[in-house]
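Just so we're clear, the structure is a prediction, and the values are computed from it rather than from any experiment. Both ligands and their constituent atoms are indexed starting at 1 by order of listing.
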Amino acid sequence: MSVKATEPYDEGNIFARILRGEVPCRKVHETAHALAFHDINPQAPVHVLVIPKGPYVSMADFTANAPAELVAGFFRAVGETARVLGLEETGYRILANAGPHSHQEVPHLHVHIFGGAPLGPMLARRAGSRETGA
Ligand code: AMP
């Protein structure tokens with residue numbers, strides 16, 4: 001199910017429950033501002049999620065409403081997580097879904113880090129997709 005980026009924060013979402021310690025995760029890295037853990041359904045040899053420690057649905061919500069210290073700490077933690085994973089040399093991809101067109105499933109801001117193998121083109125082309133000319 002996709003979520004609207006504009007909907008109110010749902011305290012019962014799975015990542016809120018992970019942050020509260022109610023649901024386990026395979027932790028990769030943790031700071032005062034962020035938690036990084038392995039995706040339960042990996043789409044690449046390395047697939048890790050980084051989430052901020054605060055109730056934000058999307059990147060727009062987070063950057064508009066979170067304190068500057070949390071925004072900086074979160075982005076720092078994303079970079080640190082890529083380093084902890086040993087992906088600096090081979091490279092990696094960062095992706096954040098927001099709202100229905102992106103297929104965001106969990107309504108707590110999360111950044112995906114993919115790596116561990118060549119990842120192919122940035123967006124998969126599918127039959128019937130609209131060409132943007134970009
Ligand atoms: P998105 O479509 O960007 O909202 O991605 C949500 C991601 O969360 C998916 O890649 C799921 O596999 C992942 N996910 C859902 N539940 C869990 C969980 N309990 N632990 C780790 N990853 C999860």
Side-chain angles (χ1 to χ4, degrees):
M1 190 191 74
S2 292
V3 296
K4 290 199 180 93
T6 49
E7 73 185 36
Y9 185 78
D10 167 17
E11 293 287 350
N13 80 73
I14 187 72
F15 294 168
R17 298 183 65 205
I18 287 174
L19 280 178
R20 291 196 296 267
E22 296 166 7
V23 172
C25 70
R26 286 178 56 218
K27 185 160 81 176
V28 172
H29 185 52
E30 184 168 16
T31 71
H33 302 112
L35 176 66
F37 52 92
H38 290 278
D39 195 291
I40 205 167
N41 182 24
Q43 306 293 313
V46 177
H47 183 175
V48 165
L49 303 171
V50 190
I51 64 175
K53 291 186 173 177
Y56 303 99
V57 176
S58 66
M59 191 66 80
D61 179 21
F62 183 61
T63 53
N65 299 313
E69 190 185 324
L70 180 56
V71 175
F74 172 68
F75 282 103
R76 223 168 250 133
V78 173
E80 288 167 4
T81 300
R83 276 196 292 281
V84 166
L85 290 165
L87 296 175
E88 280 296 305
E89 201 171 312
T90 49
Y92 54 92
R93 179 171 295 155
I94 288 174
L95 180 150
N97 290 318
H101 277 188
S102 75
H103 257 272
Q104 181 182 9
E105 289 176 354
V106 179
H108 181 115
L109 171 63
H110 49 286
V111 163
H112 298 254
I113 301 178
F114 301 101
L119 297 169
M122 189 164 68
L123 293 176
R125 295 229 180 257
R126 61 183 170 78
S129 68
R130 208 168 352 141
E131 294 293 333
T132 61

Determine whether the aromatic ring centres of Phe37 and His29 lie less than 6.0 Å apart.
->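 Between Phe37 and His29, the centre distance exceeds or equals 6.0 Å.
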Aromatic contact, Phe62 with Phe74 (centres under 6.0 Å) =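 Yes - the distance between ring centres of Phe62 and Phe74 falls below the 6.0 Å cut-off.
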Could you tell me the separation between the NE2 atom of His108 and the OH atom of Tyr56, rounded to the nearest 0.5 Å?
->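 His108 atom NE2 to Tyr56 atom OH measures 9.5 Å (nearest 0.5 Å).
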In terms of side-chain geometry, is the basic nitrogen of Lys53 or Glu30 positioned less than 4.0 Å from the acidic oxygen of its partner?
->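 Salt bridge flag = yes for Glu30 with Lys53.
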Pairwise, report which nitrogen or oxygen atoms of ligand 1 are under 3.5 angstrom from protein nitrogen or oxygen atoms, and how far apart they are.
from     : atom 1 : to     : atom 2 : distance (Å)
ligand 1 : 2 (O)  : His103 : O      : 3.1
ligand 1 : 2 (O)  : Glu105 : N      : 3.4
ligand 1 : 3 (O)  : Asn97  : ND2    : 2.8
ligand 1 : 3 (O)  : His110 : NE2    : 2.8
ligand 1 : 3 (O)  : His112 : NE2    : 2.8
ligand 1 : 4 (O)  : Glu105 : N      : 2.6
ligand 1 : 4 (O)  : Val106 : N      : 3.0
ligand 1 : 4 (O)  : His110 : NE2    : 2.9
ligand 1 : 5 (O)  : His110 : NE2    : 3.2
ligand 1 : 5 (O)  : His112 : NE2    : 3.4
ligand 1 : 10 (O) : Asp39  : OD1    : 3.2
ligand 1 : 10 (O) : Asp39  : OD2    : 2.5
ligand 1 : 12 (O) : Asp39  : OD1    : 2.5
ligand 1 : 22 (N) : Ile40  : N      : 3.1

Please report the C-alpha distance between Leu109 and Ser58 in whole Å, then the side-chain angles of each, then the deciding distance to 0.1 Å, and finally whether the side-chain contact (heavy atoms from CB on, under 4.5 Å) criterion is met.
-> CA-CA 5 Å; Leu109 171 63; Ser58 66; 5.6 Å; no
Summary of side-chain hydrogen bond (donor to acceptor under 3.5 Å, both in side chains) pairs that have at least one residue in residues 34-43, sequence neighbours excluded =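 Qualifying pairs, neighbours excluded: Asp39-His47.
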